[in-house]
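Heads up, the thing below is written out as structure tokens.
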Amino acid sequence: MWQIALIMLFYDRVKYLGLILGVSISILLINQQVGVFLGLLLKAGAIIRDIPEAGIWVMDPGLKNMDTIFAMRDTELGRVRGVAGVEWAVPYFKSNATIRTPYGNLESSALFGVDDNSLIGIPSNFVMGSAEALRQPEAVAIGRDGYDRIWPGQPLQLGQILELNDHRAVLRAIVVDSPKFTNTVSFYTRYSQALSYTNNGRRQMSFILVKSRSGTSDREVAQQIAKATGLLALTSSEFSWKMILFVFLHTGIPVSIGTVILLGVLVGFCIVGLLFNLFVVENLRHFAVLKAIGTTNRRLLGMVMLQASVAGAVGYGIGLGLAALFFECATRSPNFRGFYLPWQVALASGVIAAGIILLSALWAMRRVLRVEPGIVFRG
Amino acid sequence: MLSEDTQNQEGSSGAEERALAVSCRGVSRDFGVGPTQTRVLHGIDLDIAFGGQTFLVGPSGCGKTTLVSLIAGLLIPTTGRIRVLGKDLQSLSPASLVEFRARNIGFIFQQFNLIPALNAVENAAVPLVVQGRSLSAAVKLAAIVLDRLGMGNYLTYFPWQLSGGQQQRVAIARSLVHNPRIIICDEPTAALDAKSGLAVMALMTELAASPERAVIVVTHDTRIFSYADRTISLMDGRIETSPSSDGQAHS
């Protein structure tokens, strides 16, 4: 009977394709949107992830997110270094800067200044050049994606001259860094060099990066720093979650993406539910014939469930494939780098697809159960 | 519940009833509830023996289709008892009744009721698949039956590619393929032209009718009355006459 069920399903090509389309659109929307959303959340903590050496981040208690930084006085660095349990503490600078491209265009960028001595804070993955090259005067490193934006279509090359906030900068290294939330070009330089590019007054230091001594936990040391200095000290993990929470609570992104996901589920359910119901209604007489001939209700329900499951599985596969294709193609563009499709999302969308299919099948099954085999005698 | 008299009567005639293809005693059937309740059949007593074709005739709405639906176990009588092949249908569980129908009853419908997604031989094979055979094995047997019905060249044709007469031959093959002992035909010629209708009845007489089988034909097509071995006439839910010598209708 299973073969007959499948033949019946495949025969009605319009509805079969409609069912597949309904499921696949729903799955595509869910995976694409959730993938983009998770990518954005990851981007919110990208800077933190790029400096794994720092277990603790110290900042002004008023900090809301990476773009609203209340800089601290340089004297805070000494206070933090004096806290028990601190192995080392280095300054970290972040500010926005304007860059004039070789083509005369102005482009906004993020400027990161790292400790002059240790150079802690520079992404470790170099495409060209090295960290030591940044010790040269006016030396800057650029993120790989930013290079393509400033010099589109040109081969990677060092030694190029730039204007950073109307100051001269020389490109000495190209690094691979995590895509940032605001998707701007990232420049890395020494802390003192960064200050000369920006000149923000007495309060210059954005963050203090701290590593705790071995044998002490980051959490304990962070608490002690906060107690001793009155600054906000968070472990890397806590800081990442603070940034993620900011996206959740203070941007419209979760609502807008959540709405699209909900619509995807609703559209999927409506299309699949209605089409499958229509499919069953149009085949109701044939189900009645099968009933009259001696097919049990249980087997008929099995046939209906098989038909729904096959349409759902094919639709799920296509939808997931399209979502994977989207991420595969889109992430080749620097604007979309950092977005990906986690297997957990793919799995969860499979559960949603199964739910859509199950509800649609249950809705249609009522008719199969209720149909009287006696209707086969009606002309 | 049956009365004591009825039980005694049934006991004395039980062996005789079991030898019959179909035996109905005091069968009534109501449709609707409350003020809309309508009695369609009134205390039908009827015996149908094996061999030949029994025609149930009568005007539209007289209860013919309801009666064969009851005989096929598709409906349950409001009152009375129905024995088919010696089995009291009401004593069977729903699952057993479905199983009984799958093994012992073949159907031919007015509108053929072929499944459009299946080709001719797959349609004819459906009862065997219902009984648990694989589609490929069932198709081999169905092809033999279709060949006997002159449809050997149309095995892979879909219903929409066949004429009405050809579709009805596929339906006949479907009713015969599992070798049931009872075949119920509901207006088998109503959707056919005169020539096709007569051809179908000739096939029915040749292939379906046998001493071990009972064929019950519901019709009001007077053109095919000559194929009846016995005729039972219904009028307003009651058996009106028992015109043929072999028929055993009690009213």
Side-chain angles (χ1 to χ4, degrees), chain A residues 1-20 275-276 278-304 306-308 310-311 314 364-365 367-379, chain B residues 31 60 64-70 72-76 94-119 122-123 125-136 138-139 158 171 174-175 177-178 180 184-187 190-191 218:
Chain A
M1 291 308 287
W2 313 130
Q3 277 176 288
I4 290 175
L6 293 180
I7 291 171
M8 287 169 75
L9 175 69
F10 300 147
Y11 178 78
D12 195 343
R13 284 181 195 162
V14 174
K15 286 192 199 64
Y16 177 55
L17 289 177
L19 287 169
I20 290 174
L275 274 177
F276 196 68
L278 201 60
F279 170 78
V280 166
V281 167
E282 286 186 5
N283 280 292
L284 210 52
R285 192 174 184 88
H286 307 128
F287 283 120
V289 169
L290 292 174
K291 243 184 199 186
I293 287 174
T295 310
T296 59
N297 270 338
R298 197 172 168 181
R299 192 175 277 194
L300 286 175
L301 295 184
M303 288 173 73
V304 171
L306 177 71
Q307 289 166 335
V310 168
V314 173
M365 275 177 186
R367 292 178 180 276
V368 177
L369 281 176
R370 283 182 191 168
V371 68
E372 287 289 336
I375 69 162
V376 293
F377 286 125
R378 290 173 205 152
Chain B
F31 286 104
S60 294
K64 306 186 295 288
T65 298
T66 302
L67 183 55
V68 288
S69 295
L70 290 166
L74 300 177
L75 291 175
I76 299 165
S96 303
L97 184 57
V98 171
E99 170 78 15
F100 178 79
R101 202 162 59 225
R103 300 217 168 271
N104 298 301
I105 300 178
F107 292 95
I108 299 170
F109 307 107
Q110 177 181 346
Q111 294 298 329
F112 323 131
N113 283 332
L114 301 177
I115 297 173
L118 304 179
N119 63 29
E122 287 167 343
N123 261 298
V126 164
L128 293 173
V129 179
V130 168
Q131 287 185 16
R133 289 192 195 233
S134 70
L135 185 59
S136 54
V139 156
F158 286 89
R174 182 175 64 185
S175 74
V177 72
H178 54 310
I184 292 174
C185 314
D186 182 45
E187 306 281 7
V218 170

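Because only heavy atoms are used, hydrogens play no part in the values below, and waters and symmetry mates are left out as well, while side chains stay in. So you know, we letter chains A, B, ... as the sequences are listed, proteins then strands, and number each from 1. Source: prediction; values computed, not measured.
For the set B:L118, B:L97, B:L75, the count of heavy-atom pairs under 4.5 angstrom toward chain A peaks at B:L118. Counting heavy-atom pairs closer than 4.5 Å to chain B, the top-ranked of the candidates A:V289, A:D12, A:T296 is A:V289. Of the listed residues (B:F109, B:F100, B:F158), the one with the most heavy-atom contacts under 4.5 Å to chain A is B:F109.
No donor-acceptor pair under 3.5 Å is formed between the side chain of B:R103 and the backbone N or O of A:G294. Counting only distance, with no hydrogens or angles, the side chain of A:K291 and the backbone of A:L369 share a donor-acceptor pair below 3.5 Å. No donor-acceptor distance shorter than 3.5 angstrom exists from the side chain of A:R367 to the backbone of A:V280, with no hydrogens or angles considered.
Contact annotation for B:L114: only backbone heavy atoms (N, CA, C, O) come within less than 4.5 Å of a heavy atom of chain A. Interface residue B:R174: only side-chain heavy atoms are found under 4.5 Å from chain A. Of the two parts of A:R299, only the side chain, counted from C-beta on, holds a non-hydrogen atom closer than 4.5 Å to a non-hydrogen atom of chain B. Looking at B:I115, both its backbone and its side chain come within 4.5 Å of chain A, counting heavy atoms on both sides. Only the side chain of B:E122 comes within contact range of chain A, with at least one heavy atom under 4.5 Å from a heavy atom of that chain. Contacts of B:P116 with chain A are made by both backbone and side-chain atoms, with heavy-atom separations under 4.5 Å.
Within 6.0 Å of CD1 on B:I76 lie no more than 12 heavy atoms contributed by other residues, nucleotides or ligands.
Atoms CD and CH2, on A:Q307 and A:W2 in that order, are 10.0 Å from each other to the nearest 0.5 Å.
Considering every non-hydrogen atom in both A:I293 and B:P127, the closest pair reads CG2-CA, 3.9 Å.
No side-chain heavy atom of A:E372 sits less than 4.5 Å from a side-chain heavy atom of B:L74.
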